[in-house]
Amino acid sequence: QVQLVESGGGLVLAGGSLTLSCATSGRTFSSLTLAWFRQAPGREREFVAAKTGSAYTTEYADSVKGRFTISRDNAKSTVSLQMNSLKPEDTAVYYCAAHPNLFMRMATMTQVTGYDYWGQGTQVTVAS
């Protein structure tokens, strides 16, 4: 069993920055592929970014490329999402997710169904 706890959400003005963190436990950190998803009110949960346990593969949604950066801290067993140039449309609950394998096929990495474990989510609100 893998436990995921997100933190770092909040209210920020458009153009600002925010960093989300996800603390993991219950399994060797390097064996996990980790991702961030988000869900806005009335919309389906959507992929944001992911990084395999091998750190060989990193993937971003087109909507966040160049603005968001996912990173892993093996010493702290955490995964972070640095979000810059935030837009009102980035407003959502952000979820950390884990897949119990250090490798993951690209086609699966961006899918909600590809992940076995989820955090409780953290709210990010971007005001215009």
Side-chain angles (χ1 to χ4, degrees):
Q1 192 76 6
V2 177
Q3 292 78 43
L4 306 170
V5 180
E6 303 99 334
S7 61
L11 173 65
V12 63
L13 293 176
S17 298
L18 208 58
T19 301
L20 305 181
S21 292
C22 174
T24 74
S25 61
R27 195 175 177 118
T28 302
F29 182 73
S30 59
S31 70
L32 300 172
T33 289
L34 294 163
W36 288 95
F37 285 76
R38 66 187 182 186
Q39 188 166 19
R43 301 188 64 176
E44 293 186 354
R45 192 167 299 189
E46 65 175 7
F47 172 77
V48 175
K51 199 171 190 72
T52 56
S54 66
Y56 184 76
T57 303
T58 303
E59 185 70 14
Y60 293 96
D62 288 342
S63 58
V64 306
K65 278 181 182 176
R67 300 189 298 123
F68 291 11
T69 302
I70 186 172
S71 60
R72 301 172 62 115
D73 186 330
N74 291 337
K76 297 181 179 180
S77 297
T78 60
V79 59
S80 298
L81 185 69
Q82 173 68 43
M83 306 184 292
N84 298 325
S85 303
L86 283 161
K87 306 175 182 179
E89 51 263 44
D90 294 318
T91 295
V93 176
Y94 282 70
Y95 296 91
C96 178
H99 173 73
N101 195 297
L102 78 166
F103 296 105
M104 198 170 185
R105 293 188 302 146
M106 191 74 73
T108 309
M109 189 180 294
T110 62
Q111 305 302 309
V112 170
T113 54
Y115 295 86
D116 303 81
Y117 305 99
W118 294 85
Q120 82 288 351
T122 186
Q123 177 71 45
V124 171
T125 303
V126 184
S128 57

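In what follows, every heavy atom counts, from backbone to side chain, and hydrogens, waters and symmetry copies are set aside.
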Determine, stepwise, if the pair Y95 / F37 fulfils ring-ring contact (aromatic ring centres under 6.0 Å, His included).
CA-CA 5 Å; Y95 296 91; F37 285 76; 8.8 Å; no
What's the verdict on side-chain contact (heavy atoms from CB on, under 4.5 Å) for Q120 and E6, showing C-alpha distance, side-chain angles and the deciding distance?
CA-CA 7 Å; Q120 82 288 351; E6 303 99 334; 2.8 Å; yes
Walk me through whether L86 and L18 qualify under side-chain contact (heavy atoms from CB on, under 4.5 Å).
CA-CA 8 Å; L86 283 161; L18 208 58; 3.9 Å; yes
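- Listed for the T91 side chain is a donor-acceptor partner under 3.5 Å among the backbone atoms of V126.
- Checked for salt-bridge contact, K87 and D90 miss the test: no charged N lies under 4.0 Å from a carboxylate O.
- Criterion: ILVMFWY side-chain heavy atoms under 4.5 Å apart, direct or through other members. Under it, V79 and L102 are not part of a common hydrophobic cluster.
- Applying the side-chain hydrogen bond (donor to acceptor under 3.5 Å, both in side chains) test to T125 and every residue at least two apart in sequence or in another chain returns Q123.
- Here the side chain of T33 pairs a donor or acceptor atom with the backbone of N101 at under 3.5 angstrom.
- Annotation for G9 and V124: closest pair CA-CG2, 4.2 Å, computed over non-hydrogen atoms.
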Stepwise, does the side-chain contact (heavy atoms from CB on, under 4.5 Å) test hold for L32 with V2?
CA-CA 9 Å; L32 300 172; V2 177; 4.1 Å; yes
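- Hydrophobic clustering keeps W36 apart from M109 (ILVMFWY residues linked when any side-chain heavy atoms are closer than 4.5 Å, directly or through intermediates).
- Note: R45 CZ to Y115 OH = 13.0 Å, rounded to the nearest 0.5 Å.
- Of all the heavy atoms in D73 and F29, the pair that sits closest is O-CE2, 3.7 Å.
- Residues A98 and L34 come closest through the heavy atom pair CB-CD2, 3.6 Å.
- Residues forming a side-chain hydrogen bond (donor to acceptor under 3.5 Å, both in side chains) with Q82 (at least two apart in sequence, or on another chain): T19, N84.
- Expressed to the nearest 0.5 Å, how far OG1 of T122 lies from OH of Y94 amounts to 10.5 Å.
- For the atom pair CD (Q3) and SG (C22), the distance works out to 11.0 Å, reported to the nearest 0.5 Å.
- Taken from NE2 in H99 to CE in M104, the straight-line distance is 4.5 Å, to the nearest 0.5 Å.
- By the rule that hydrophobic residues join a cluster once side-chain heavy atoms approach within less than 4.5 Å of another member, V93 and Y117 end up as members of separate clusters.
- Between S17 and S85 the shortest heavy-atom distance is OG-N, 4.4 Å.
- In this structure, A40 and A92 approach most closely via the heavy-atom pair N-CB, 3.8 Å.
- Atom CZ of F103 is separated from atom OG of S31 by 11.5 Å, given to the nearest 0.5 angstrom.
- Under the side chain to side chain contact (heavy atoms under 4.5 Å, CB included) rule, V48 has a single partner from T110, L20, L81, I70, which is L81.
- Within a 6.0 Å radius of CD in E44, no more than 12 heavy atoms belonging to other residues, nucleotides or ligands are found.
- Here the side chain of T52 pairs a donor or acceptor atom with the backbone of T57 at under 3.5 angstrom.
- From R38, atom CZ reaches atom CZ of F47 across 11.0 Å, with rounding to the nearest 0.5 Å.
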Could you go through the side-chain contact (heavy atoms from CB on, under 4.5 Å) check for W118 and C96 one step at a time?
CA-CA 6 Å; W118 294 85; C96 178; over 6 Å; no
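- Between T58 and K51 there is a side-chain heavy-atom pair separated by less than 4.5 Å.
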